[in-house]
Amino acid sequence: MSPVSTPGFVVHRQPYGDTSLIVRWLPRGAGRVTTMAKGARGPKSPLRGQIDLYYLCDLQYLPARRGDMHTLKECVAREAFTGLRTDYRKLAVLDYFAALIAAATEPATPISDDYELFEKAVRYLDTHAPTRTVVTRFEQALLHNAGLSGDALHAHHFDVPKQRDRVLSDLG
């Protein structure tokens with residue numbers, strides 16, 4: 001199989017072993033993707049410092065022959081969105097948005113509208129404070145992308161991420 005190259009957002013990362021990472025991405029045109037970044041936490045890794053939450057990266061991965069765990073070959077951070085790191089609530093809202101996309105979509109199902117919606121949210125929150133209105137509009141747009149009505153979030157068409165109540169409470 002040939003490698004896939006695409007821009008994508010880091011939406012989750014977790015350590016694996018001593019030096020590796022499991023990274024979940026929201027790439028353009030590829031749906032949600034999970035990769036193994038072998039050696040990414042090693043002191044001499046070219047991936048070190050390139051993979052952080054909500055970074056927009058140019059990534060290249062080798063698709064798995066079986067299963068959903070692909071191998072990350074290359075990653076270069078394109079934009080770090082440093083304004084997101086000035087307010088914990090911004091990161092909490094983006095964490096909720098990423099979890100909501102994960103609940104509403106299947107892995108490796110390319111829905112370009114979800115990528116564009118998430119990119120718009122990241123760019124907005126990089127320079128603006130989060131509000132309940134931002135959360136509500138994101139939810140409605142995501143439901144629209146999925147072909148569901150505005151009431152679908154509360155009608156439990158899918159599992160609403162647990163952090164929703166906490167995020168809305170923090171936003172007042």
Side-chain angles (χ1 to χ4, degrees), residues 1-130 134 138 142 161-164 166-167 170:
M1 285 205 139
S2 60
V4 175
S5 297
T6 183
F9 285 95
V10 178
V11 294
H12 183 80
R13 57 180 241 157
Q14 70 186 60
Y16 184 82
D18 291 334
T19 61
S20 297
L21 286 172
I22 295 174
V23 185
R24 290 187 186 90
W25 303 88
L26 186 59
R28 172 178 278 137
R32 290 184 295 117
V33 172
T34 302
T35 62
M36 174 65 68
K38 296 177 183 175
R41 298 187 312 147
K44 296 181 182 178
S45 173
L47 296 175
R48 191 170 177 89
Q50 300 294 312
I51 303 171
D52 203 357
L53 283 177
Y54 313 119
Y55 275 22
L56 177 60
C57 302
D58 290 322
L59 66 135
Q60 184 179 66
Y61 63 92
L62 190 61
R65 292 178 191 209
R66 290 182 304 213
D68 294 332
M69 182 72 69
H70 310 293
T71 302
L72 185 66
K73 301 303 277 177
E74 188 177 321
C75 172
V76 177
R78 186 192 293 180
E79 291 184 66
F81 301 102
T82 56
L84 297 175
R85 283 129 183 96
T86 61
D87 184 349
Y88 168 77
R89 296 175 309 153
K90 292 180 180 186
L91 297 173
V93 167
L94 285 174
D95 184 49
Y96 168 61
F97 290 171
L100 191 59
I101 288 173
T105 61
E106 295 293 323
T109 303
I111 302 174
S112 62
D113 291 343
D114 288 350
Y115 172 87
E116 291 164 4
L117 178 63
F118 192 79
E119 179 179 26
K120 186 176 181 180
V122 169
R123 290 188 186 286
Y124 180 84
L125 290 172
D126 189 41
T127 57
H128 297 83
V134 169
F138 185 91
L142 185 68
K162 296 175 186 175
Q163 61 263 58
R164 182 179 195 270
R166 186 187 74 232
V167 164
D170 288 348

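Excluded from the calculations below are hydrogen atoms, water molecules and symmetry mates; all remaining heavy atoms, backbone and side chain alike, are included.
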Restricting to pairs with a member in residues 45-58, which pass side chain to side chain donor-acceptor pair (under 3.5 Å), not counting sequence neighbours? D58-R78

Out of the candidates K162, R164, Q163, only one should pair with Y96 under the side-chain hydrogen bond (donor to acceptor under 3.5 Å, both in side chains) rule; please name it. R164

Spell out, as yes or no, whether a donor-acceptor pair under 3.5 Å connects the side chain of K90 to the backbone of L125. yes

Taking R166 for the side chain and A92 for the main chain, is one N or O donor matched with an acceptor at less than 3.5 Å? no

Thinking salt bridges, do E116 and K120 make one under a 4.0 Å N-O criterion? no

Euclidean distance, H12 NE2 relative to L21 CG, rounded to 0.5 Å: 10.0 Å

Once rounded to the nearest 0.5 Å, what's the spacing between atom OG1 of T34 and atom CZ of R24? 5.0 Å

Stepwise side chain to side chain contact (heavy atoms under 4.5 Å, CB included) test for M69 and I22: CA-CA 9 Å; M69 182 72 69; I22 295 174; 4.0 Å; yes

Are the side chain of R41 and the backbone N or O of G17 linked by a donor-acceptor pair below 3.5 Å? yes

Any idea how F118 and F138 line up, ring-wise: parallel (<30°), tilted (30 to 60°), or perpendicular (>60°)? perpendicular

From V10, V23, L47, residue fulfilling side-chain contact (heavy atoms from CB on, under 4.5 Å) relative to C57: V10

By side-chain hydrogen bond (donor to acceptor under 3.5 Å, both in side chains), D126 pairs with (sequence neighbours left out) none

Between the OG1 atom in T71 and the NZ atom in K38, the distance rounded to the nearest 0.5 Å is 4.5 Å

